[in-house]
Student: 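Quick one: this structure, given as structure tokens, is what I'll be asking you about.
All values below were derived from every heavy atom in this structure, side-chain atoms included, with hydrogens, water molecules and symmetry-related copies excluded. So you know, we letter chains A, B, ... as the sequences are listed, proteins then strands, and number each from 1.
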Amino acid sequence: MNAENTCIQIAVMVPLRRIFSYAPPPEGRLQPGMRVRVPFGKGSRVGIVLGYASCPPDVTLKPIGQVLDAHPVLPSALQQLVQFGAAYYHHPIGDAWATALPTLLRQGRPLPEPAPQGYRLSIDEAQTAQRQPGKLQQALREHLITHRVVHTTAIPKELRATLRQAVRRGWIEAVMEDTPPTQVAPSPHCLNTEQASAVTQLRMARGFNAWLLEGVTGSGKTEVYLEAIRPHLESGAQILVLVPEIGLTPQLVERCQMRFGARRVAALHSAQSDGERLRIWAAAAAGRIQVIIGTRSAVFVPLPRLAMIVVDEEHDPSFKQQNGWHYSARDLAIQRARLENIPIVLGSATPSLESLCNAQKGRYRHLQLRQRATSADLPVMTIVPLRRENLQGGISTTLLTACKETLEAGNQVLLFLNRRGYAPAVLCHDCGHVIQCPRCSAPMTWHRRQERLRCHHCGHESRWPQACPACHSTALITAGQGTEQLEEVLRQRFPQTPIWRIDRDALHDRDSLATAVADIRQNRAAILVGTQMLAKGHHFPAVTLVGIINTDQGLFSADFRAPERLLQTVVQVAGRAGREERPGQVLLQTHLPEHPLLQSLARGDYRPPAEALLNERRAAGLPPFAALTLLRAEAHQRYRVDTFLSAACQCVPPALVEISGPLPSLMERRAGFERAELWVQAPNRTQMQKALNLWLPQLAGLSSARHVRWTLDVDPLLIT
DNA sequence: AGCACGCCGACT
DNA sequence: GTCGGCGTGCTC
């Protein structure tokens with residue numbers, strides 16, 4: 001006769017900012033982190049046990065439907081990480097858990113049994129196998145006699161059924177334990193003094209420690225990671241490596257597997273099937289994989305013997321999730337390292353201003369690699385003023401001449417233009433009207449090859465308009481240049497030269513980036529035209545000239561981070577040039593040749609312009625010198641967005657934060673939704689959290705909140 | 001997010 | 001006379 005009942009608190013996997021209570025099952029104790037299936041509304045949902053609590057005796061609770069796990073699905077440190085992340089980014093806990101788990105576990109599927117490492121004949125095989133061995137049994141038996149232990153994948157398909165039967169009958173047994181680790185290959189490279197010093201310091205790191213490894217392009221950061229983690233792998237520990245996009249860094253996986261053995265190292269990314277991802281996830285959780293190289297969500301992979309985390313290209317914006325739970329995998333990785341009390345390395349040639357600031361404040365230990373690992377010099381940057389230049393499809397005569405000379409010398413040219421399609425706009429020659437996407441406040445992009453107008457924000461497509469919608473003139477023309485047009489212009493100018501376009505459109509209908517890259521390496525003189533995709537990771541040894549076509553885009557953007565990204569992109573693209581003992585040259589086309597950022601950038605080093613940008617941020621009171629959160633709202637009707645945001649302004653906890661807005665979003669209309677936002681600034685993250693914790697319940701209670709879709713973006717990265 | 005309930009327009 | 005539009009409210 002308890003005055004109070006115990007109930008179990010469950011994070012149900014729905015996007016609701018609530019925890020639900022259920023009656024505990026009659027037998028068996030539940031542990032936090034176990035998955036359960038619970039009756040919910042009309043049907044049932046998967047949920048996570050958070051703990052026991054007492055609840056008043058008068059409420060009747062539904063019982064837990066089914067306990068799905070014998071053990072917590074995430075270890076306690078990761079449970080804390082999900083908890084922390086949900087609280088910090090003010091995201092519903094159930095949905096945070098759903099995001100942290102592989103799809104199949106989220107859906108309630110069981111954790112897979114560990115796959116056997118191999119098979120062998122059992123000791124008493126002689127007795128059990130006597131009765132009439134069939135042809136297949138005999139074949140299998142001989143296979144196992146010659147190979148002793150056979151890995152599952154090495155068994156011919158036609159013998160699989162026989163194998164299953166043989167295991168059931170007992171004359172073949174599964175080998176579950178790890179194969180002894182293969183010998184770790186010695187480093188094929190000789191480290192220079194800076195690399196060696198970085199490796200030594202990282203190897204001595206014990207306990208939580210954050211390191212910023214800042215190394216110019218070509219300085220051999222990867223070699224430092226690999227050598228720093230080597231002793232951990234030799235002692236059987238595990239390593240987590242986070243990368244921005246795995247498709248762009250397949251060499252890292254290959255290099256890692258080459259050195260440490262393919263069986264120890266696995267990649268985890270969205271191109272894999274749900275089943276494959278779960279298998280790798282489970283193998284990592286069971287300690288059978290030592291190195292996980294993965295994108296964002298890999299920050300939640302359980303690794304029982306985790307010894308170090310590496311975040312490669314830590315400045316890359318794709319570490320911040322843009323939909324659903326807006327978490328930064330880089331920042332959560334740091335929190336994970338803190339919770340697990342291990343060192344973490346953030347590596348980049350162009351560190352984010354946030355990380356630079358942390359290094360300067362002494363929160364991160366700073367490691368620098370100033371020399372390139374090969375003897376190649378850093379490329380020379382030259383500003384090409386466009387004021388007087390004759391432009392051909394966006395290319396200046398100066399750049400064209402440089403291309404010609406480079407090609408004649410048998411070298412390759414890389415032209416960077418961050419705009420897909422043929423032209424970023426179509427306009428009326430008579431009245432100037434620009435063809436807009438009907439669902440977004442953005443111009444439509446002309447794709448000439450498919451003869452379609454496409455919106456890059458919502459995917460809307462249409463034909464070339466018959467007449468101007470405003471004045472009915474038929475004189476419609478394209479304006480501006482995209483990669484498709486650049487490619488066309490270059491084909492006219494250099495008909496004999498192979499030209500490669502590397503962007504999402506070009507790779508869609510041809511083969512993968514990897515094959516394109518392989519082909520490019522085979523070729524001599526060639527031109528590469530491409531977007532962002534070209535800037536990341538790949539080495540093009542024969543490229544000696546890099547042209548940045550539209551430098552100015554990053555100088556005019558309303559996003560306060562645009563100059564930082566411009567700087568990082570230019571330095572990264574420039575780093576593709578002049579490797580392998582050939583001097584490189586970078587030409588920056590601009591209408592603003594005197595712009596201080598470009599002047600500073602042209603001197604070649606990342607640091608001075610980065611520090612200038614940091615000073616600007618300090619003066620403007622922007623991150624990393626203040627904490628920033630965006631309250632975004634969208635609805636079909638504009639007045640509902642404004643009503644909600646104004647009401648949200650009214651209930652802001654006074655004195656803690658400063659509010660600007662409601663401001664229309666950079667793209668006011670997107671996919672048929674009217675969008676606006678509130679900017680919330682606080683002197684630091686602690687104060688921000690205090691304010692958000694007071695504000696959020698008020699927000700959720702607003703009646704106007706029910707007519708809009710709203711989200712909080714803590715530490716926003718892209719102001720889209 | 002789903003899912004049901006509920007009150008107003010064009011169809012067999 | 002119904003089928004169905006999406007506005008509103010709820011989920012232990």
Student: Does the pair A/Arg561/A/Glu354 count as a salt bridge with the N-to-O cut at 4.0 Å?
Tutor: yes
Student: Calculate the interatomic distance between A/Lys42 atom NZ and C/dG9 atom C1'; express it in whole Å.
Tutor: 16 Å
Student: C/dC10 P sits how many Å from A/Lys62 NZ, rounded?
Tutor: 15 Å
Student: Applying salt bridge (Lys or Arg N to Asp or Glu O under 4.0 Å) between A/Asp69 and each of A/Arg35, A/Arg109, A/Arg37, report the one that passes.
Tutor: A/Arg35
Student: Validate the cation-pi geometry between A/Arg709 and A/Phe673: distance from NZ or CZ to the six-membered ring centre under 6.0 Å, angle to the ring axis within 45°.
Tutor: yes
Student: What's the CZ-C1' distance between A/Arg709 and C/dC6, to the nearest Å?
Tutor: 15 Å
Student: How many whole angstroms separate atom CD1 of A/Ile93 from atom C1' of B/dA1?
Tutor: 17 Å
Student: Counting side-chain heavy atoms from C-beta on, which of C/dT11, C/dT8, B/dG2 comes nearest to A/His707?
Tutor: C/dT8
Student: Can you tell me how far C1' of C/dC6 sits from NE2 of A/His636, to the nearest Å?
Tutor: 12 Å
Student: Base, sugar-phosphate, or nothing for A/Ile10, non-hydrogen atoms under 4.0 angstrom?
Tutor: nothing
Student: Classify A/Phe40 by what it touches in the nucleic acid, base, sugar-phosphate, or nothing, heavy-atom distance under 4.0 Å.
Tutor: base
Student: So, is A/Arg706 close to the C/dG9 phosphate, meaning a side-chain N or O under 4.0 Å from OP1 or OP2?
Tutor: yes
Student: Phosphate oxygens OP1/OP2 of B/dG2: is one of them under 4.0 Å from a side-chain N or O of A/Arg45?
Tutor: yes
Student: Among A/Phe84, A/Tyr89, A/Phe300, which one satisfies ring pair (Phe, Tyr, Trp, His ring centres under 6.0 Å) with A/Tyr327?
Tutor: A/Phe300
Student: Which nucleotide, C/dT11, B/dA1, C/dT8, lies nearest any side-chain atom of A/Phe20?
Tutor: C/dT11
